[in-house]
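Down below is the structure, laid out as structure tokens.
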Amino acid sequence: MSEEKELFLRIIAREIPADIVRENERVIAIRDINPQAPTHVLVIPKERYRNAAELAAADPALLSELITTAHEIAEAEGISEPGYRLLFNTNADAGQTIFHVHLHLLGGEWLGGMTGGPLKG
């Protein structure tokens with residue numbers, strides 16, 4: 001990481017405003033500023049790990065906490081029963097632009113298949 005703090009660390013430090021949905025000692029959840037669905041929340045560990053694999057290797061309990069937090073938010077947002085998607089992007093080809101792991105919680109409408117087409121199988 002460069003000398004300059006990356007975006008999520010600046011949000012955690014309250015240097016940049018964000019619409020915070022939930023927060024505890026280890027996790028912060030914010031609404032995405034460019035939502036891809038009616039509900040689009042980013043669940044972010046406060047400790048920086050580059051991607052989900054790095055987080056899983058270093059702190060599996062924290063990875064589990066991200067998923068549990070996302071589910072709790074889905075329930076609070078009323079999207080748990082109709083369904084929601086959890087997504088980690090890993091590295092540039094997958095669309096990762098901030099190299100601080102974060103879990104996307106998406107829902108509130110039909111999300112289609114994994115590539116936007118109908119689900120198969």
Heavy-atom pair of closest approach, residues Pro38 and Gly108: CG-O, 3.7 Å
Do the non-hydrogen side-chain atoms of Phe88 and Val101 ever get within less than 4.5 Å of each other? yes
Side chain proximity check, Thr39 to Glu109, heavy atoms < 4.5 angstrom: no
Go through Glu65 and Arg26 one step at a time and tell me if the salt bridge (Lys or Arg N to Asp or Glu O under 4.0 Å) criterion holds. CA-CA 9 Å; Glu65 187 172 346; Arg26 294 178 22 114; 3.3 Å; yes
Which distance, rounded to the nearest 0.5 Å, do you find between the CD1 of Ile98 and the CG of Leu42? 7.5 Å
Hits for side-chain hydrogen bond (donor to acceptor under 3.5 Å, both in side chains) against Glu23, two or more places apart or cross-chain, chain-then-number order -> Arg14, Lys46
Between CG of Leu111 and CZ of Arg85, what distance do you get to the nearest 0.5 Å? 5.0 Å
Within residues 92-102 or reaching into it, pairs that qualify as salt bridge (Lys or Arg N to Asp or Glu O under 4.0 Å) - sequence neighbours excluded: none
Just so I know, are the side chains of Ile16 and Leu7 near enough to count as touching, which here means a heavy-atom distance under 4.5 Å? yes
Inter- and intrachain pairs under ring pair (Phe, Tyr, Trp, His ring centres under 6.0 Å), touching residues 6-34, at least two apart: Phe8-His100, Phe8-His102
Distance-minimising heavy-atom pair for Ala56 and Leu63: CB-CD2, 3.6 Å
Contacts satisfying salt bridge (Lys or Arg N to Asp or Glu O under 4.0 Å) that involve residues 30-42 (not counting sequence neighbours) are Asp19-Arg31, Arg31-Glu77
Salt-bridge test for Glu72 and Arg22: reply yes if a basic N is under 4.0 Å from a carboxylate O, no otherwise. yes
Can you sort out the partners of Leu86 under side-chain contact (heavy atoms from CB on, under 4.5 Å), two or more places apart, ordered by chain and number? Ile67, Ala70, Tyr84, Leu103, Leu105
I need the Ile30 CD1 to Ile11 CD1 distance, nearest 0.5 Å. 4.0 Å
Minimum heavy-atom separation for Leu106 to Ala37, with atom names? CD2-CB, 4.1 Å
Asn34 versus Gln36: any side-chain heavy-atom pair under 4.5 Å? yes
Any chance you could lay out the side-chain contact (heavy atoms from CB on, under 4.5 Å) test for Tyr49 and Asp59, step after step, and finish with the verdict? CA-CA 10 Å; Tyr49 297 93; Asp59 193 342; 4.0 Å; yes
Same hydrophobic cluster for Ile73 and Leu62, using side-chain heavy-atom links shorter than 4.5 Å among ILVMFWY? yes
Quick check: do Thr68 and His71 have side-chain heavy atoms less than 4.5 Å from each other? no
Which is it for Ile44 and Val27 under the side-chain contact (heavy atoms from CB on, under 4.5 Å) test, yes or no, and what are the steps along the way? CA-CA 6 Å; Ile44 309 160; Val27 174; over 6 Å; no
Side chain proximity check, Leu55 to Leu66, heavy atoms < 4.5 angstrom: yes
If the condition is side-chain contact (heavy atoms from CB on, under 4.5 Å), which residues does Glu81 pass it with, not counting sequence neighbours? none
Are Asn91 and Asn51 packed together at the side-chain level, in the sense that at least one heavy-atom pair is separated by less than 4.5 angstrom? yes
